[in-house]
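Side chains are part of it too, since the values below use all heavy atoms of this structure and drop only hydrogens, waters and symmetry mates.
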Amino acid sequence: MCGIVGYIGNKKASPILINGLLRLEYRGYDSAGIATVEEEKISVMKNKGRVNNLNDLEGINNLKGTIGIAHTRWATHGKPSKENSHPHMDNSNSFAVVHNGIIENYQELRKKLTDKGYEFLSETDTEVIPNLIHYYYKKENDVLKAISRACKKLKGSYAIEVLSKYEPDKMIIARKDSPLVVGKGNGENYIASDIPAILSYTKDFYFLDDNEIVELTRDSITFYNQELEQIRKRVKVIDWGAAAAEKDGYDDFMLKEIHEQPNAIRETIGAKLDNGKIELEDLNFSKEYLESLNKIYIVACGTAMHAGLVAKTIIEKLCKIPTEVDIASEFRYREPLIDEKTLAIYISQSGETADTIAALKLAKSKGAKTIAISNVIGSSITREADYSIYTHAGPEIAVASTKAYTSQVVLLSVLAIYFAEVLESSEDKLINKLKKAILELPAQVEEILKDVSSIKRFAKKIYKETDMFFLGRGTDYAVALEGSLKLKEISYIHSESYAAGELKHGPIALIENGITVVSIITNKDLMDKSLSNIQEVITRGAKIMMVTNQEMDNKNFDCIINIPKTNPLISPILSVVPLQVLAYYISKEKGLDVDKPRNLAKSVTVE
Ligand code: F6R
């Protein structure tokens, strides 16, 4: 997904901009570009391909400007090409703009501007922005006013940075439904769509809210609302070390993040389970309110949605409240039944996923209370929700989510216990056992990760395959979905996940000699039935990787991964780990880019 970096200070801007873009590479992109302004002249350098290629562009080293904007583009309107890359200029070369998001009414604006004599050089929606700014500048003779008027005409989502030759010592930025942060320095200021891009320069951040405009000089940061009334914002100190965003000696971010899971889980639990009943910072639900609920919705995308599927079982078991899990992009359009008796929980690692944010706004507009679960403090979703609670997984850089998933399931389990304690809906004995089991998780994940050699060997054996199956029952099925998604994402192997009992209703027709089936069995009560399902595929020639915490008489599997025992409600936090490791080593065997799989982006800020 597109990334934005900006700098205004006394140092040469271009190396800082390129360095920032390199740190955003994990988001996925197809082209990159920068613009700097010097002596009332804006210079733009951009091209299709990697950020590092910018260093080869003729003249890049001659850019002496100390103010600049930069962008990595992930094509939405128009193919990846130099012309379509950002920054884009207006026809008079007076304004340069980079943009994240989608301008939904760009065709209408483009037509209006074309009628007024403007010409367009790219296929992008973005190019209307600098020209619209120019159009209003001619009327207002004031850069800030021109940008504010242009923003009011834009429909859709945007985070923009604007350079102007008329005010070469200023930069103006604005946002709506697309993230943007300002990093405050000393005699210099930084801008980015994502914190890691500029974390090595500052720890003091301002988070922009929708419809805000910021005017930056080297020594000042002035915030405005869309009417250009000055507003005050609080600085937030981000305490992630810059090293937290680096690889720490691991080959890839994904492997590092898999190994960070014990700590991420520990940090997410924090002191929540230390004494007595759970208290969650921001939440203060009464028993009456929770009793009044007739439904909980959990809404998210991809891996975060899979975390929600695990939570459904836990919430229903402990709180006895019907809980539905939905894909955010579906939820919005199916007219879900929501009222003030609905509680809606939204899970998003990045906190910037457009579909999830839109689904949250919908529930809010219908009177439901909303809770955001995110890994990024101050992210868009946490500012939209009535309540926010955080996973403390640290920055997740690899596109394929690992530590965010396990931290989300942990936090959702804690949330379910919190509800159950307020509701008094479960026996203390069950609650205490579950709390104890949650506290044991970090050490148990460490144990699983201590020796992954048999998973590595199995990956070596099967990496050339083209189809695989993941089977499980109950919460093991939720893990099967996640294991299958991890494999698809980073190894490009087609895989399907099924509730084990469903196989005989159709998909078993696909099982043939030699096919690999990954089976997850962590619930004693479901073991016999699950083993019968596995026997059915073994009979048809399948190779089996078994992930289990049960003793099994039949050990006739091609690979068996024994994981520690825990409460079946939270076993996904352990059983997913071997599946993450399997996907990782298959991808490595295939020589693929584990951290940046093709066609994927870390933060999906378009719907
Ligand atoms: C898969 C993955 C995605 C994300 C999804 C939601 O490994 O990372 O499926 O889980 O795009 O992202 P967030 O949690 O940032 O809303």
Side-chain angles (χ1 to χ4, degrees), residues 2-24 32-46 51 54-55 57 59-72 85-90 92-100 126 129-130 133-134 137 142-148 150 158-175 180-194 197-198 200-202 204-206 208 212-224:
C2 307
I4 283 180
V5 181
Y7 174 74
I8 175 163
N10 294 308
K11 301 188 191 103
K12 201 168 146 176
S14 55
I16 296 172
L17 298 172
I18 291 176
N19 182 36
L21 291 184
L22 286 170
R23 286 170 193 273
L24 289 185
I34 65 171
T36 61
V37 58
E38 195 187 346
E39 291 171 5
E40 295 172 29
K41 182 176 178 295
I42 299 175
S43 311
V44 174
M45 297 269 171
K46 57 185 187 177
V51 171
L54 290 175
N55 287 315
L57 294 177
I60 192 115
N61 293 326
N62 300 333
L63 295 180
K64 298 212 172 48
T66 56
I67 300 182
I69 59 179
H71 191 258
T72 44
S85 331
H86 302 206
H88 288 284
M89 302 276 276
D90 70 304
S92 70
N93 291 335
S94 308
F95 296 96
V97 170
V98 298
H99 163 228
N100 280 3
T126 301
I129 304 174
I133 294 172
H134 176 260
Y137 182 78
D142 180 293
V143 176
L144 188 61
K145 279 189 188 155
I147 293 172
S148 161
Y158 57 82
I160 55 169
E161 286 180 323
V162 188
L163 282 186
S164 152
K165 73 170 192 186
Y166 300 114
E167 294 189 341
D169 290 313
K170 277 187 188 161
M171 186 187 302
I172 293 177
I173 63 173
R175 84 153 256 176
L180 205 56
V181 297
V182 176
K184 184 177 174 304
N186 197 356
E188 55 188 4
N189 292 306
Y190 300 85
I191 294 130
S193 51
D194 301 57
I198 52 176
S200 55
Y201 302 112
T202 179
D204 295 336
F205 285 86
Y206 293 101
L208 265 65
E212 287 179 354
I213 301 180
V214 188
E215 189 176 60
L216 297 115
T217 66
R218 292 174 175 86
D219 300 306
S220 67
I221 306 169
T222 316
F223 298 93
Y224 299 95

- Heavy atoms only: give me the nearest I133-A150 pair and the separation to one decimal. CG1-CB, 3.8 Å

- Considering non-hydrogen atoms only, spot the tightest contact between D169 and I67 and give its length. CA-CD1, 3.5 Å

- Nearest heavy atoms of M89 and A96, plus distance in Å: SD-CB, 3.5 Å

- Can Y7 and N19 be said to form a side-chain hydrogen bond (donor to acceptor under 3.5 Å, both in side chains), step by step? CA-CA 11 Å; Y7 174 74; N19 182 36; over 6 Å; no

- Query: Taking the six-membered ring for Trp, is the centroid-to-centroid distance between Y137 and F95 below 6.0 Å?
  - Reply: yes

- Task: Scan K11, K12, R218 and name whichever one has a salt bridge (Lys or Arg N to Asp or Glu O under 4.0 Å) with E188.
- Result: K11

- Note on the structure: Scanning both residues in full, the closest heavy-atom pair of G33 with P87 reads C-CD, 3.6 Å

- Could you tell me whether a side-chain N or O of D204 sits under 3.5 Å from a main-chain N or O of G185, the two making a donor and an acceptor? no

- Side chains of D90 and S92, donor plus acceptor under 3.5 Å: yes

- Task: Would you mind reporting whether I60 and I18 have side-chain heavy atoms less than 4.5 Å apart?
- Result: yes

- Message: Please find the pair of heavy atoms, one from L54 and one from A32, that lie closest to each other, and give the distance.
- Response: CD2-O, 3.6 Å

- Separation between CD1 (I147) and CD1 (I213), nearest 0.5 Å, reads 7.5 Å

- Message: Has T72 got a side-chain atom pairing as donor or acceptor with G3's backbone, closer than 3.5 angstrom?
- Response: yes

- dist N189:CG -> S220:OG (nearest 0.5 Å) comes out at 7.5 Å

- Query: Hey, does the side chain of T202 reach the backbone of K184 with a donor-acceptor pair shorter than 3.5 angstrom?
  - Reply: yes

- Query: With a 4.5 Å limit on heavy-atom distance, are the side chains of H86 and V97 in contact?
  - Reply: no

- Got K170 and S164 here, is their nearest side-chain heavy-atom distance under 4.5 Å? no

- Message: Any heavy-atom pair between the side chains of S200 and R23 that's under 4.5 Å?
- Response: yes

- Short side-chain to backbone donor-acceptor contact, T66 and N10, under 3.5 Å: no

- What are the two closest non-hydrogen atoms of I42 and S94, and how far apart are they? CD1-O, 3.4 Å

